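Below is one structure, written out as structure tokens; comments come after it.
Counting begins at 1 with the first residue of the sequence. Note that the structure is predicted; figures quoted are calculated from it, not measured.
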Amino acid sequence: MSRDHVEPVERSVSDAEAAAHGAEAGPDVPAAAGVPGGPGGAEAPFLELLARDASAEAYDRPVLLARAEGLPPERITALEHAKRLALRVRSEMEGRRRREAELSALFETAHDLAGLRDVDAVLQAIVQRARSLLGTDVAYLSLNDPVRGDTYMRVTEGSVAARFQQLRLGMGEGLGGLVAQTARPYVTDDYFRDDRFRHTTTIDAGVNDEGLVAILGVPLMLGASVIGVLFAADRRARVFEREQIALLGSFAALAAAAIDTANLLTETRSALAGLERAHEIIQDRSAVIERASDVHDRLAELVLRGGGVHDVAAAVSQVLAGTVDFTEAGAAPAAALETSRAEGHAVRHEDDWIAAVTAGGELLGALVLRGHPGLDPVDQRTLERAAMVTSLLLLARRSAAEAEQRVRGELLDDLLDARDRDPRVLRERASRLRADLDATHVVLAARLEADAADADQEADARRRLWSAASHLAATRHGLAAARDGGTVLLLPLAPGDTATELAHRTARHLGTAVHGAVTVGASAPVQGPAAHPDAVVAAYEEGRRCVEALRLLGRCGDGAAADDFGFLGLLLAGTRDVAGFVDRTIGEVVAYDERRGTDLVRTLDAYFACGMSPARTKDDLHVHVNTVAQRLERVARLLGEDWQTPARALEIQLALRLHRLAGRIPN
């Protein structure tokens, strides 16, 4: 072949190669060496195209150039044969690369699944890779909702419409609903023209917002159950090939495995959390049981060594790590206390717990756990058990107190009734009760001033008075007994103390204890009661007369001694109408003072005290003598002109004295 012939062929090949490369590098890129009929043979230009991974259209250029150059038919046939082989090789290479990419994506997804930490992240990766490998505009995944009986969007990739991302499809509605219902893949080239599935306004509006046309959906299967659908969709008409359907199915299988693995992990974590919680509960219960055992041992020890209710409260405070107090029934919240007594359990009141202390239906008080709103049931039982132990201690203490009270009462009864008792025996009996019958004592008669509705209430009131008096006698190392519808006490008189002061204190103490008025009359001091039982009897009668005198004077609930009345004490014994006598004698003067705020009664009392001398009276009252005269004139108008006669003057003075004893004339 001449040189003149070769050069045009080479140029043609160069032009062909440039044309073949033009699809990849542009029209200005020169073609590589190798021309039809040249040194590389018919295959050379196509090998170059394969090496450069040129587009399919570029493989037509060598044949077209050969024809344009007028090459022999056999050469053109050889080029066409080489082109077909090259395109087949190119197709195989593209298939291999695609399968490698698909396998790589599946491998990466499986790797993600093996190291699953966040199921949402894995599902998002699956949807992204499915969209990338299938080359679709949108990919998304929906899951079935067994409660509502439909399927909902879980993950989307490439979606731009909010309504589409929030779609819920009923079973059999839309393409996804049909896949979820039948457990078979479905594909449509044109969604809105496909009548194989049921269109709904909501679903069609969402698909229309997203602009989707071609949609492929494959089911997510767990065993024989469909749990959702994986989709790939384009915004233009498209035919999905079998390989693409199979690939999306593989991704769907991985998505189902991811969801199943996540569910298993959730169940495992939940089970582990449950086991941890159970372990914590067991440990907590073990600690609580140990505390309950500890409090049981402490309470048993307290009972055996004779501890009191406050010792019980202190022990329970340590075990429950709180503050426990014993309170009287009246000091605890009434509603909570009544509920605790009715139910037999500790009840919560605000931030406190109240456990009623009862015995045989009688409410003795309450144990109050303060500032501990969160109480374990076992700790609650511990508080209830402590309340039970407290009631037993209170009953034991009451029984002992009642036994001691009976012994004290029997000794005082013997002093009052059996006057021929041996003083030595009396002293021995008193010493066992920590009483000293050789010391100076005062006999006090006490009467409860309360109107009882019936005999039972009256008997109950007397028992309460006797119990309070016995307790006072025990604390003061004295004696007490129920007698003549009231109570009698024999209390030691401390140095510097008086019978009057002792009577006042006793009246206040007993009145507070029984929540009522108690009138107390005291005798003159008695020296050595054990050696002088007759003096004790006389002193008791004297105290009783004082009580009657106080009641006649309207001083119920007060206390006084016999020395406070003098000779009048004898006159006041009985049932004389003292108040009526005072009212009849000087009632007009008393009423005048009360109406006008004057001082006529005091002036009248001072007038008689000063020997009926106006001059001395004015000095006693620190007023002018004319003022005294004016006041006495007013008294005369109120009492009558004969008020200064001996008979009237005696009655007026007696009435004034009684009025003073009643506490109505200031000293």
Show, in sequence, the C-alpha distance, side-chain angles and deciding distance for L337 and L363, and conclude whether the side chain to side chain contact (heavy atoms under 4.5 Å, CB included) test is met. CA-CA 9 Å; L337 186 60; L363 187 59; 3.5 Å; yes
N/O donor-acceptor pair under 3.5 Å between S340 side chain and H345 backbone: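 Confirmed, S340 side chain pairs with H345 backbone.
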Sidechain-backbone polar pair: H199 side chain, D194 backbone, donor-acceptor under 3.5 Å: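 Judged by distance alone, yes, a pair lies under 3.5 Å.
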Kindly indicate whether the side chain of [X], heavy atoms from C-beta on, has any atom under 4.5 Å from the side chain of [Y].
X: Y152; Y: N144; value: no
X: L85; Y: E43; value: no
X: F164; Y: L212; value: yes
X: Q244; Y: R238; value: yes
X: L169; Y: S142; value: no
X: R236; Y: D137; value: yes
X: Q181; Y: V226; value: no
X: L143; Y: L141; value: yes

Smallest separation among heavy atoms of [X] and [Y], with atom names:
X: L134; Y: A232; result: CD2-CB, 3.7 Å
X: L79; Y: P45; result: CD2-CG, 4.5 Å
X: V218; Y: I245; result: CG1-O, 4.1 Å
X: A86; Y: Y59; result: CB-CE2, 3.6 Å
X: P62; Y: L49; result: CG-CD1, 4.4 Å
X: E384; Y: A346; result: OE2-N, 2.9 Å

May I ask you to decide if the ring planes of F231 and Y140 are parallel, tilted or perpendicular, using 30° and 60° as cut-offs? parallel
Under a 4.0 Å threshold between the charged nitrogen and the carboxylate oxygen, would [Y] count as salt-bridged to [X]?
X: E80; Y: K83; answer: no
X: R370; Y: D325; answer: yes
X: E210; Y: R235; answer: yes

Passing candidate, side chain to side chain contact (heavy atoms under 4.5 Å, CB included) with L230, options L254, V127, L216: V127
For the CZ atom of R163 and the CG atom of N208, what is their distance to the nearest 0.5 Å? 8.0 Å
Nearest 0.5 Å, please: how far is CG in L369 from NE2 in H349? 13.5 Å
The criterion is salt bridge (charged side-chain N to carboxylate O under 4.0 Å, His left out); which residues satisfy it with R84, sequence neighbours excluded?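 Salt bridge (charged side-chain N to carboxylate O under 4.0 Å, His left out) check on R84 returns nothing, list empty.
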Polar side chain donor-acceptor pair, S159 to Q165, under 3.5 angstrom: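 A donor-acceptor contact under 3.5 Å links the two side chains.
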Check against ring-ring contact (aromatic ring centres under 6.0 Å, His included), Y191 and F197: CA-CA 10 Å; Y191 175 83; F197 41 82; 5.1 Å; yes
For atom CZ of R242, is the number of surrounding heavy atoms from other residues, nucleotides or ligands below 6.0 Å larger than 12? no
